[in-house]
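As the structure lists them, so they are numbered: ligands from 1, and atoms in each ligand from 1. Counting from 1, the numbers follow the sequence of the chain as shown.
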Amino acid sequence: MKITVSLIKADVGSLAGHHVVHEKQKELARKILQEAKETGLIIDYYVFNAGDDLELLMTHTKGVNNSDIHGLAWKVFKEVTDKVSKPLKLYAAGQDLLVEAFSGNLRGMGPGVAEMEFEERPSEPIVVFAADKTEPGAWNLPLFKIFADPFNTAGLVIDPRMHDGFDFVVMDVIENKEVKLRCPSEMYDLLALIGTPGRYVISRVYRHSDGEIAAVASTTRLSLIAGRYVGKDDPVLIVRAQHGFPAVGEILEAFAFPHLVAGWMRGSHHGPLMPVSLRNAKCTRFDGPPRVVALGFQVHEGYLEGPADLFDDPAFDWTRMRAMEIADYIRRHGPFMPHRLGPEEMEYTTLPAVLEKLKNRFVEAK
Ligand code: 13P
Ligand code: 13P
Ligand code: MG
Ligand code: MG
């Protein structure tokens with residue numbers, strides 16, 4: 001039996017600014033998904049949050065891009081907006097719902113979607129990631145490390161089932177095109193693209209030897225859909241682990257380095273990606289710093305055993321301390337790049353208005 005894992009998220013309003021999802025929002029989401037489980041539409045679910053983003057993890061047998069599953073997620077986001085966010089006047093109620101009515105597929109409508117379908121192995125560990133105050137390209141560096149860097153992932157060298165490497169699908173989110181690149185043979189081409197994470201985003205990873213799906217990420221860029229500032233596209237990611245895929249520890253190892261990502265404060269600043277437990281999945285300092293949670297599950301006949309809250313561990317304390325040191329350092333730049341994003345990447349800006357106001361005062365440089 002093929003199982004589909006769907007991780008679908010949206011920011012539909014939050015408590016105290018863009019800080020955290022309200023408990024009542026998660027309660028209503030659970031109630032709706034529990035009903036869907038009882039009617040048999042989904043096999044299992046887990047509701048959680050990363051900062052102000054409401055995350056719906058669901059399992060079912062309907063395949064990816066299924067309109068019933070996408071419709072269910074849309075219904076959750078709509079009802080949570082109408083019955084909780086709006087009455088409580090939560091901040092930015094319905095923020096990521098860019099259209100009024102659902103039209104069969106969530107792509108292009110605002111919510112972020114990561115889905116994969118597979119035949120369950122005798123043991124099927126998966127790790128799901130969700131981040132706040134960043135963008136889908138934030139996964140580029142850790143996905144490269146997990147599936148292509150032998151200094152991160154020992155299995156690339158010593159596990160015969162991984163030794164043929166992995167194929168990366170990279171999406172150009174501006175042109176809406178994608179290209180598949182093989183690693184290690186095309187590693188330098190891959191790096192040439194994904195080093196520009198605002199444009200080239202790893203969307204899927206496959207094991208080269210048999211084409212098995214290994215990882216899938218959300219690739220929504222809300223601002224490109226809406227053509228205006230609508231918040232950053234806080235991304236999600238699903239990774240399969242062990243037995244021919246990277247070990248859970250190899251997957252987590254890629255997050256021991258708090259790399260700089262775009263999306264902090266007003267979606268317009270760089271900051272370090274800090275791995276945190278679910279308890280600490282809430283953004284504070286300068287609306288951040290950008291945070292990521294990792295939840296481990298064992299999938300069995302589509303049921304989700306877990307989660308293991310994988311960053312809830314002193315082994316990541318040092319990464320968190322380092323992230324705060326980097327946060328402190330980069331914050332001192334105030335409104336200067338590279339803390340502030342470049343003008344083409346900023347989610348909103350006063351620059352056109354400033355240029356317009358100063359138009360007549362600009363004179364030929366002497
Ligand atoms: P086990 O031998 O405990 O299954 O561990 C294998 C592994 O991948 C550890 O990183
Ligand atoms: P979100 O994209 O998480 O809603 O954050 C928006 C923001 O402007 C935070 O400073
Ligand atoms: Mg928000
Ligand atoms: Mg968010």
Side-chain angles (χ1 to χ4, degrees), residues 7-26 29 47-56 73 76-77 80-81 84-86 88-98 109-114 128-139 173 197-198 201 217-237 260-276 278 280-293 327 330-331 333-335 339-341 345-350:
L7 178 54
I8 304 183
K9 52 82 37 182
D11 177 342
V12 290
S14 47
L15 179 68
H18 293 282
H19 168 60
V20 75
V21 170
H22 196 295
E23 209 44 56
K24 287 181 179 168
Q25 294 176 299
K26 287 191 279 187
V47 172
F48 64 105
N49 74 289
D52 61 0
D53 291 274
L54 178 60
E55 318 280 347
L56 313 177
V76 171
F77 295 139
V80 170
T81 301
V84 184
S85 312
K86 285 183 178 167
L88 298 185
K89 292 178 76 173
L90 295 182
Y91 197 69
Q95 172 179 290
D96 288 354
L97 308 183
L98 302 184
M109 301 181 74
V113 180
V128 305
F129 292 91
D132 190 28
K133 307 300 180 262
T134 185
E135 60 177 10
W139 304 132
V173 295
V201 176
S218 59
T219 49
T220 335
R221 280 203 61 189
L222 292 179
S223 53
L224 298 178
I225 301 168
R228 62 187 158 82
Y229 177 74
V230 281
K232 267 285 173 192
D233 320 297
D234 303 318
V236 290
L237 170 68
L260 288 173
V261 297
W264 194 2
M265 184 47 86
R266 299 170 188 272
S268 302
H269 293 80
H270 284 117
L273 186 63
M274 184 164 80
V276 294
L278 282 178
N280 289 316
K282 52 191 179 185
C283 289
T284 55
R285 184 175 176 188
F286 203 52
D287 283 0
R291 285 168 205 230
V292 56
V293 295
I330 201 160
R331 273 272 53 232
H333 293 76
H339 183 27
R340 203 210 71 197
L341 303 190
E345 273 289 297
M346 282 169 66
E347 295 284 359
Y348 57 93
T349 174
T350 50

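Asp11 has its closest N, O or S atom to the Mg ion (ligand 3) at the position named OD2. Taking the Mg ion (ligand 4) as reference, Asp132 places its N/O/S atom OD1 nearest. Residue-level check: among N/O/S atoms of His18, ND1 sits closest to the Mg ion (ligand 3). Atom OD2 is the N, O or S atom of Asp52 at the shortest distance from the Mg ion (ligand 3). If you look at Asp53 and ask which of its N, O or S atoms sits nearest the Mg ion (ligand 4), the answer is OD2. For Asp234, the N/O/S atom at the shortest distance from the Mg ion (ligand 4) is named OD2.
Taking the side-chain hydrogen bond (donor to acceptor under 3.5 Å, both in side chains) definition, one finds that Lys26 meets it with Asn49, sequence neighbours left out. Residues passing the side-chain hydrogen bond (donor to acceptor under 3.5 Å, both in side chains) test with His339 are Arg331, sequence neighbours excluded.
Atoms of ligand 2 found under 4.0 Å from any heavy atom of Met265 (numbered from 1 in listed order, with element): 10 (O). Using a 4.0 Å cut-off to heavy atoms of Arg266, the atoms of ligand 2 that qualify are 7 (C), 8 (O), 9 (C), 10 (O). Of all atoms in ligand 2, numbered sequentially from 1 with element shown, those under 4.0 Å from a heavy atom of Asp52 are 1 (P), 3 (O), 4 (O).
Considering CG of Leu98 and CD of Gln95, their distance stands at 9.5 Å, rounded to 0.5 Å. How far NZ of Lys24 is from CG of Leu90: 9.5 Å, rounded to the nearest 0.5 Å. The line from CG of Leu7 to CG of Leu237 is 8.5 Å long, rounded to the nearest 0.5 Å. Taken to the nearest 0.5 Å, the OG1 atom of Thr134 stands 8.0 Å off from the CH2 atom of Trp139. Note: Asp234 CG to Lys9 NZ = 5.0 Å, rounded to the nearest 0.5 Å.
Atom 5 (O) of ligand 2 has its nearest heavy-atom neighbour, among Gln95, His269, Lys133, in Lys133.
Only the side chain of His18 comes within contact range of ligand 2, with a heavy atom under 4.0 Å; no backbone atom does.
Within the 3.5 Å criterion, the main-chain N or O of Gly94 finds no donor-acceptor partner in the side chain of Lys86.
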